[in-house]
Amino acid sequence: MHNFFAKKRITAFLFILVLVTFSVLNIIQSFGPIQKTLASADFHYSEAKELIHELDDDINEHVFDKFGFVEAYGYMQSLMWKNEENNFEVVKDMEGKLHYTYFATGPTDTKDLSDRVAALGAHLDPKTKLTYVMTPDKYVRGYTQFPEGIPYNYNNETADGFLANLKQDGIDTVDLREGLLESGIPAKDLFFTTDHHWKIKTAFWGFGQLVNHLDGMYDKPLDPDHYFTDLNNYNVVPYQDIFIGSQGRKAGKYFAGDDDFDLIYPKFKTDYSFYFKTGETEATLNGRFEDALLTTYPLNVQGATYDLTADKYFTYLYGNQGIVHVVNKDKPNGLKVLFIKDSLAVPMISFLSTVVSEIYLIDPRYYTGDIMDFASKTDLDHVFVSISPQDLVDEFFPYGSKD
């Protein structure tokens with residue numbers, strides 16, 4: 001009996017020791033971020049809820065060996081042949097690709113969002129054309145299949161209704177979901193396995209489709225000899241087993257593996273100026289496509305597999321910036337265009353820069369100015385709005401509201 005209680009006490013002591021040790025490590029890990037949040041906090045009673053939320057985020061984001069736990073959990077889910085994680089936040093389709101999804105009973109009504117795009121068009125200079133570019137959803141109709149019991153979010157059906165509303169308002173549209181399965185790219189290679197973005201070769205295909213569409217709108221073709229839209233005129237550098245995308249960062253590499261990444265940039269001579277500004281951070285770069293428009297840091301970063309700085313998709317145009325201005329110095333008399341976009345369009349826009357004179361990019365999440373005011377006061381030939389099906393929500397359309 002004495003030995004029985006002795007074992008109980010030792011077990012309890014070891015359990016408490018582990019808890020205390022883990023707590024101390026967590027405090028050390030999150031002390032800096034908590035201190036930073038408190039230093040910038042507004043301690044008024046009305047802001048208390050927001051401050052508590054920020055502190056909770058700090059602690060959750062800086063759990064000691066967080067991704068070790070993520071990987072262990074993902075590994076256990078794989079051993080049990082589960083097709084979802086975190087209460088269906090991330091799910092697997094039949095070929096093992098990850099998706100964001102949620103339970104829904106039908107498409108979302110987006111009439112208010114399409115009205116905002118129409119309001120933007122009405123606000124533009126009459127000479128400025130407006131086109132909505134719908135990039136594809138990772139759930140590719142006619143190809144993607146979910147196992148039984150996995151919810152479907154109706155993103156494609158929501159996008160269908162949104163485009164139908166735009167067409168009723170007489171707005172030009174390009175639907176890059178069409179022709180995707182006939183692009184020549186194997187369906188399994190259209191999107192990354194662990195990321196919600198399309199692969200760079202798919203984005204390059206989208207660039208070609210967009211140029212074809214624009215050539216039907218302007219008297220002077222953007223690429224009359226099909227030189228700039230020919231992938232043979234670009235370097236394609238493959239990186240194998242190097243990329244874990246946003247969905248993989250939530251599930252861990254043992255749940256869905258990792259991805260290859262292709263870096264694509266021109267073989268031909270290029271000369272650019274690239275300016276970006278997000279918050280107080282701004283910079284200007286000059287040089288060739290690969291010097292001005294690309295950063296190779298995400299491809300070279302070591303020992304931070306899950307860190308945002310290692311996100312390979314951010315290789316193009318330094319990821320999502322509040323506002324970007326790209327000047328193609330080799331085409332001073334080309335089109336001047338503006339993209340109001342989300343992240344999916346970024347590499348496609350990079351390639352489009354080879355056939356136009358200037359491109360402005362605005363990310364509605366990080367741009368603090370008035371988008372309609374900027375679009376109407378800037379000398380532009382064409383304005384594109386490109387928000388993917390999964391992002392057809394208020395956050396990406398902060399303009400044209402009736403309120």
Query raised in the report: Would a distance-only check, ignoring hydrogens and angles, find a side-chain to backbone donor-acceptor pair under 3.5 Å from S23 to L19?
Result: yes
Requested in this report: Under the side chain to side chain donor-acceptor pair (under 3.5 Å) rule, what do H213 and D172 come out as? Steps first, then yes or no, please.
Outcome: CA-CA 10 Å; H213 184 83; D172 179 54; 2.8 Å; yes
Query raised in the report: Can you name the closest pair of heavy atoms from S386 and T135 and give their distance?
Result: OG-CG2, 3.8 Å
**Report entry** Backbone of P389 reached by a side-chain donor or acceptor of D137 within 3.5 Å
**Finding:** no
Query - Which atom of K129 lies closest to which atom of L124, heavy atoms considered - result: O-CD1, 4.5 Å
Report task. Provide the closest heavy-atom pair for Y272 versus S353 in the form atom of the first, atom of the second, distance. Result -> OH-OG, 2.9 Å
**Report entry** Reported OH-to-OG1 distance for the pair Y265 and T296, which is rounded to 0.5 angstrom
**Finding:** 10.5 Å
Requested in this report: Would you kindly say whether T278 and Q321 are connected by a side-chain donor-acceptor distance under 3.5 Å?
Outcome: yes
Query raised in the report: Given Y318, which of T281, L293, L285 fulfils the side chain to side chain contact (heavy atoms under 4.5 Å, CB included) condition?
Result: L285
Query raised in the report: Side chains of H382 and L214: closer than 4.5 Å at any heavy-atom pair?
Result: yes
Query raised in the report: Less than 4.5 Å apart, any side-chain heavy atom of L231 and any of I264?
Result: yes
Query raised in the report: How many angstroms lie between OG1 in T11 and CZ in F15, if you round to the nearest 0.5 Å?
Result: 11.0 Å
Query - Any V133 side-chain heavy atom under 4.5 Å of M348 side chain - result: yes
Query raised in the report: So do L17 and T21 actually touch side chain to side chain, heavy atoms under 4.5 Å?
Result: yes
Query raised in the report: Thinking salt bridges, do K127 and D379 make one under a 4.0 Å N-O criterion?
Result: yes
Query raised in the report: For Y143, does the OH atom sit with more than 12 other heavy atoms under 6.0 Å from it, leaving out its own atoms?
Result: yes
Query raised in the report: When you look at NZ of K329, are more than 12 heavy atoms from neighbouring residues, nucleotides or ligands closer to it than 6.0 Å?
Result: yes
**Report entry** Test side chain to side chain contact (heavy atoms under 4.5 Å, CB included) applied to V356 and N328, D381, L222, V211, the passing residue
**Finding:** L222
**Report entry** Sequence neighbours excluded, every pair satisfying side chain to side chain donor-acceptor pair (under 3.5 Å) that has a member inside residues 362-373
**Finding:** K341-D363, D363-R365, D373-K377
Query raised in the report: Between H123 and Y399, does the ring centre distance come in under 6.0 Å?
Result: no
Requested in this report: Please tell me if the side chains of D58 and D56 come closer than 4.5 Å, counting only heavy atoms from C-beta onward.
Outcome: no
Query raised in the report: Any sub-3.5 Å donor-acceptor pair from K199's side-chain atoms to F261's backbone N or O?
Result: no
Query raised in the report: Hey, does the side chain of K277 reach the backbone of Y275 with a donor-acceptor pair shorter than 3.5 angstrom?
Result: no
Query raised in the report: Angle class for the F351/F204 ring planes (parallel below 30°, perpendicular above 60°, tilted otherwise)?
Result: perpendicular
Query raised in the report: Rounded to the nearest 0.5 Å, how far does OG of S350 lie from CZ of F274?
Result: 8.0 Å
Query raised in the report: What about Y139 and Y152, are their ring centers closer than 6.0 Å?
Result: yes
**Report entry** Closest non-hydrogen atom pair, R177 against N156
**Finding:** NH1-O, 3.0 Å
Requested in this report: For S357 and K336, indicate whether the former's side chain and the latter's backbone hold a donor-acceptor pair under 3.5 Å.
Outcome: no
Query raised in the report: Under 3.5 Å, is there a donor-acceptor pair between the side chain of D230 and the main chain of N232?
Result: yes
Report task. Under the side-chain contact (heavy atoms from CB on, under 4.5 Å) rule, what do Y239 and L299 come out as? Steps first, then yes or no, please. Result -> CA-CA 8 Å; Y239 292 80; L299 300 172; 3.8 Å; yes
Query raised in the report: Is a side-chain donor-acceptor pair under 3.5 Å present for S388 with D342?
Result: yes
**Report entry** Gap separating the OG1 atom of T229 from the CG atom of L210, nearest 0.5 angstrom
**Finding:** 11.5 Å
Query raised in the report: Is K250 close to Y100 at the side-chain level, that is, under 4.5 Å between some pair of heavy atoms?
Result: yes
Query raised in the report: Is there side-chain contact between L51 and T37, with at least one heavy-atom pair below 4.5 Å?
Result: yes
Query raised in the report: For the side chain of T378 and the backbone of L380, is there at least one donor-acceptor N/O pair under 3.5 Å apart?
Result: no
Query raised in the report: Which atom names give the shortest non-hydrogen contact between T158 and T108, and what distance separates them?
Result: OG1-N, 2.9 Å
Requested in this report: State whether a side-chain donor-acceptor pair under 3.5 Å links H325 with E358.
Outcome: yes
Query - Ring centroid separation F268 to F289 under 6.0 Å - result: no
**Report entry** Y102 OH: over 12 foreign heavy atoms closer than 6.0 Å
**Finding:** yes
Report task. Spell out, as yes or no, whether a donor-acceptor pair under 3.5 Å connects the side chain of D307 to the backbone of A310. Result -> no
**Report entry** Sidechain-backbone polar pair: R116 side chain, F397 backbone, donor-acceptor under 3.5 Å
**Finding:** yes
Report task. Looking only at non-hydrogen atoms, find the nearest pair between G179 and W205 and report the distance. Result -> O-CZ2, 3.6 Å
**Report entry** Within the 6.0 Å centroid threshold, strictly below: F88 and F103
**Finding:** yes
**Report entry** Qualifying residue for ring-ring contact (aromatic ring centres under 6.0 Å, His included) with Y360, from F374, F384, F339
**Finding:** F374
Requested in this report: Output yes when a side-chain donor or acceptor of K138 lies under 3.5 Å from a complementary backbone atom of L98, and no otherwise.
Outcome: yes
Requested in this report: Assess whether side-chain contact (heavy atoms from CB on, under 4.5 Å) is satisfied between N320 and F314, documenting all intermediate values.
Outcome: CA-CA 8 Å; N320 295 313; F314 291 169; 4.1 Å; yes
Query raised in the report: Is the centre of the F192 ring less than 6.0 Å from the centre of the F243 ring?
Result: yes
Query - Min side-chain heavy-atom separation V236-L263 under 4.5 Å - result: no
Query - More than 12 heavy atoms of other groups within 6.0 Å of K267 NZ - result: yes
Query raised in the report: About how many Å separate CG of N300 and OG1 of T309, when rounded to the nearest 0.5 Å?
Result: 11.5 Å
Report task. Apply ring-ring contact (aromatic ring centres under 6.0 Å, His included) to Y132 and F162, showing your working. Result -> CA-CA 10 Å; Y132 194 95; F162 178 80; 4.9 Å; yes
Query - Atom NZ of K331 with >12 non-hydrogen neighbours under 6.0 angstrom - result: yes
Report task. For H197 and S343, test the side chains for any donor-to-acceptor distance below 3.5 angstrom and give the result as yes or no. Result -> yes
Query - Cation-pi check, K92 onto F255 ring (under 6.0 Å, within 45° of axis) - result: yes
Query raised in the report: Nearest 0.5 Å, what's the CG-CD1 distance between L113 and I387?
Result: 10.0 Å
Report task. List the steps and the verdict of side-chain contact (heavy atoms from CB on, under 4.5 Å) for V385 and L130. Result -> CA-CA 8 Å; V385 181; L130 173 66; 4.2 Å; yes
Query raised in the report: Do NZ/NE/NH1/NH2 and the carboxylate oxygens of D215 and K220 come within less than 4.0 Å?
Result: no
Requested in this report: Kindly state whether the ring of F228 and the ring of F207 have centres lying under 6.0 angstrom apart.
Outcome: no
